[in-house]
Amino acid sequence: MPSSINRPRGTIDVLPGEVEKWQYVEESFRRICREYGYAEIRTPVFEHTELFDRGVGDTTDIIEKEMYTFLDRSERSLSLRPEGTAPIARAYVEDKLFSGPQPVKVYYQGPMFRYDRPQAGRYRQFHQLGVEVFGSAAPAIDAEVVAMAMDFCWRFGLKLDLHINSVGCGVCRPVMRDKLCASLKTRLEDLCGDCRIRLDKNPLRILDCKVKRCREMAEETAAGLNFLCPECADHFRETLGYLDALNVAYIVDPCLVRGLDYYTRTAFEIMAPGVGAQRSVGGGGRYDGLVEMFGGPPTSGIGYAMGLERFLLVMQEQGLTVPDGGRLDVYLVTAEKDLEGRALTLLQELRAKGICADKDYTGRSMKAQLKQAGKSGAPYVVILGSDELSKGKVALRDMLAGSQTEVPLADLPAQFLKK
RNA sequence: GUGGAUGUAGCUCAGAUGGUUAGAGCACCAGAUUGUGGCUCUGGGGGUCGUGGGUUCAAAUCCCAUCUUCCACCCCA
């Protein structure tokens, strides 16, 4: 007996019954993207490792401990993409999208890979829905991107909080970081162990430390700094103004700093209120230096990504369902074995007209076929029997009402098409 | 990567202190006379008790390891 093989840790099989929800969310995302003027882009699932080292930042957790990196047969170091923005910025440069009309608005959906410790709502292969806009530094596009993300969630009836902040630019952020460090270093003994390390590696992260003491201390210090340069301050104020105009409620959260190095100015996160550590459903922000870092012209950019698994999880928590599609229109039952051939051709005729139809293929009794029909969810059953057939008719059974009529074979497709 | 829980049929779970062929509900399949579903009744299939070692006359039940899932942290989607 060969031993069974399981799926790798942190991965899931999306089975019939569940996959319909995925499809519904994915299709809804496509629709809203089209409405907002985005075109789809597809990039490889793996890239040169260096792309992420440079783009995401080689001191981030994602790069330091979460990448699926491997050597291919030619000894190239490749990595499964841990996120979508760097590859798309790469494509923007490599495929010279900067030479076309600007801004370039693209969306993507697909799997991402991170070697994390799995938990509910957190997987090693997970799926993101995201958008990126290149070539506009206008606060209005910040607002549109954020508003679109919220619009998408609202369409499902999701109740989520929008946290937003400005993390400054290449000019004012380093100044702020230095001041924060200097200030915190004087109180080193008050910081938790993690934060002492963070102080050297990524001091901004102290702002969202779980240890209350650190957090309070950092908040105090940060609030006192009021660090944004006039340009960044204006940009942030205008962005918030547009959000107000769009009736998008937000929480300005001075402690919101995102884990990827490339963010500038606007940073935001969409959080599910309440339970669980994985409350972040999506997030994004501006990344004005990224394209240049990849050898492209100075180009501003902004985008966000949402986690499909988390989106679904929150939907479930909030008791939201999706309309169930994928049902059959009709199930075909044969009363006698020798009608099998006739059943097959009838089935094909119906399908050719776009009617979703199926039958049994395990040689069940008629009674059992009806039972299967019931389970299939098909609202109608067509019963093929020699009595009716001799009159050129079939029996059409309404499974909800439990009633049955005889219908001429020729009229059959019309029965379903009008519904 | 750190700390802590968990693992018995497809699913939800019973199986006190180790002891004959491991159970239930649901699901699945088949029947309940002559061509008809959803209710009911009857019967059936299905588990090397996560996996691998060990202790023991004997282990689902004790010990060790390993894997999975889950919780918290790190971090993030």
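Computed from a predicted model, the values in this text were never measured in an experiment. All chains are named by letter (A, B, ...) in the order of the sequence lines, taking the proteins before the strands, and each is independently numbered beginning at 1.
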**Asked** Does the ring center of A:F152 lie less than 6.0 Å from the ring center of A:Y36?
**Response** no
Between [N] and [M], how many Å separate the two [atom1] atoms, rounded to a whole number?
N: B:U12; M: B:C28; atom1: C1'; answer: 16 Å
N: B:C13; M: B:U17; atom1: C1'; answer: 22 Å
N: B:G7; M: B:A14; atom1: P; answer: 9 Å
N: B:A65; M: B:U55; atom1: C1'; answer: 15 Å
N: B:U66; M: B:G19; atom1: P; answer: 28 Å
N: B:A22; M: B:A60; atom1: C1'; answer: 8 Å
N: B:G50; M: B:G25; atom1: P; answer: 22 Å

Which is true for [X] with a 4.0 Å heavy-atom rule: it touches a base, it touches only sugar-phosphate, or it touches nothing?
X: A:A373; value: nothing
X: A:V333; value: nothing
X: A:M366; value: base
X: A:Q125; value: nothing
X: A:D387; value: base

**A:E336 side chain vs A:D338 backbone, donor-acceptor pair below 3.5 Å** = no
**Message:** For the backbone of A:G301 and the side chain of A:D288, can you confirm whether one donor and one acceptor N or O come within less than 3.5 Å of each other?
**Reply:** yes
**Prompt:** Does a salt bridge link A:E18 with A:K21, judged by any charged N lying under 4.0 Å from a carboxylate O?
**Reply:** yes
**Message:** If you only use heavy atoms from C-beta on, which nucleotide in B:G35, B:C73, B:C75 is closest to the side chain of A:D116?
**Reply:** B:C75
**Message:** Can you tell me which nucleotide in B:C71, B:G37, B:G35 comes closest to the side chain of A:Q119?
**Reply:** B:C71
**Request:** Using heavy atoms to find the nearest nucleotide of RNA chain B for A:R7 and A:K367 separately, return the residue whose nucleotide is more 5′.
**Result:** A:K367
**Message:** Taking the nucleotide of RNA chain B with the nearest heavy atom to each, does A:G307 or A:P8 sit closer to the 5' end?
**Reply:** A:P8
**Prompt:** With distance as the sole criterion, do the side chain of A:K65 and the base of B:C74 form a donor-acceptor contact below 3.5 Å?
**Reply:** yes
**Prompt:** Looking at side-chain heavy atoms only, is the closest gap between A:R34 and A:Y107 below 4.5 Å?
**Reply:** no
**Fill in**
Numerically ordered, the residues 399-412 of chain A set in heavy-atom contact under 4.0 Å with RNA chain B is A:M399, A:L400, A:G402, A:Q404
**Interatomic distance, A:R122 CZ vs B:A72 C1' [rounded to whole Å]** = 10 Å
**Prompt:** Between B:A77 atom P and A:H163 atom NE2, what is the distance in whole Å?
**Reply:** 15 Å
**A:D244 and A:Y250 side chains, donor-acceptor separation under 3.5 Å** = yes
**A:S280 and A:E269: side chain donor to acceptor below 3.5 Å** = yes
For [N], which nucleotide is its Watson-Crick or G-U wobble mate, given both distances must be under 3.5 Å?
N: B:G19; answer: B:C57
N: B:U2; answer: B:A72
N: B:G43; answer: B:C29

Does OP1 or OP2 of [N] have a side-chain N or O of [X] closer than 4.0 Å?
X: A:Q372; N: B:G37; result: no
X: A:R9; N: B:U69; result: yes
X: A:R117; N: B:C73; result: no

